[in-house]
Amino acid sequence: MAPSRLFVYAVLALAVLMISTSPILAKLSTAPPPVLAAYRLGLAVLLMLPFYPLWGRGMRARLSRRDWLYALLAGFFLAWHFVVWFASLRYTSVASSTVLVTLQPLFSLVGAYWLFGERVGRRALAGVALTLAGSLLIGWGDVRVGGMAFWGMSSPCWARLW
């Protein structure tokens with residue numbers, strides 16, 4: 001039985017709310033970035049754990065050693081992504097930090113082309129162009145304010161240096 005549209009939209013709205021408040025809550029936190037990353041990933045595991053009996057058992061038997069290696073490598077890079085992103089929130093505004101995170105489709109496209117030789121279609125290029133335009137629009141606010149936040153200089157420690 002497929003979930004109702006209302007349920008799907010409610011879950012999507014909750015996900016957007018959670019993702020959009022994450023950098024604000026991380027910036028307000030006093031915990032070090034690696035601890036924040038561990039909390040975020042640990043909480044995600046706990047939230048997904050109840051669904052494992054429904055979908056995970058058969059999948060585990062089908063995974064090869066190579067698949068496990070790729071999954072571990074992806075998990076390492078995801079953890080590193082969160083550590084670096086949460087650290088960036090200590091040095092710049094939430095908007096400027098988010099600009100870097102929203103460039104992910106660009107990095108994915110370049111990585112897919114460079115690492116796996118995937119062909120890049122017009123739709124993918126249009127998506128990257130839209131991503132870049134949105135990132136520039138977000139970052140423009142910091143540039144208009146003075147430009148220092150865009151370069152990671154909105155922190156009080158930088159104010160003493162400049």
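- Side-chain heavy atoms closer than 4.5 Å link hydrophobic residues (I, L, V, M, F, W, Y) into clusters, and following such links, even through other members, never connects V11 to V8.
- Residues L36 and I24 share a single hydrophobic cluster, defined by chaining ILVMFWY side chains whose heavy atoms lie under 4.5 Å apart.
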For residues 75-89, which side-chain N or O atoms pair as donor and acceptor with protein atoms under 3.5 Å away, sequence neighbours left out?
from : atom 1 : to  : atom 2 : distance (Å)
W85  : NE1    : S97 : OG     : 2.8
S88  : OG     : W85 : O      : 2.6
S88  : OG     : S97 : OG     : 2.8

List, one per line, each side-chain donor-acceptor pair under 3.5 Å for residues 114-133, sequence neighbours excluded.
from : atom 1 : to   : atom 2 : distance (Å)
T131 : OG1    : G127 : O      : 2.9

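- In this view, A71 satisfies the side-chain contact (heavy atoms from CB on, under 4.5 Å) rule with no residue, not counting sequence neighbours.
- In this structure, the side-chain hydrogen bond (donor to acceptor under 3.5 Å, both in side chains) partners of S108, at least two apart in sequence or on a different chain, are Q104.
- The distance from the CG atom of L43 to the CG atom of L47 is 4.5 Å, given to the nearest 0.5 Å.
- The hydrophobic clustering, which links ILVMFWY residues whose side-chain heavy atoms are closer than 4.5 Å, places Y70 and W68 apart.
- Closest approach of V94 to P23, counting heavy atoms only: CG1-CB, 3.8 Å.
- Between F7 and P3 the shortest heavy-atom distance is CD2-CB, 3.6 Å.
- K27 and R90 make their closest contact through O-NH1, 4.1 Å (heavy atoms, listed as atom of the first residue, atom of the second, distance).
- The two residues V35 and A31 have their closest heavy-atom pair at CG1-CB, 4.2 Å.
- Summarising the hydrophobic clusters (Ile, Leu, Val, Met, Phe, Trp, Tyr; side-chain heavy atoms under 4.5 Å, direct or chained), the residues clustered with V45 are none.
- Hydrophobic clustering, defined by side-chain heavy atoms of Ile, Leu, Val, Met, Phe, Trp and Tyr closer than 4.5 Å, groups L14 together with M18.
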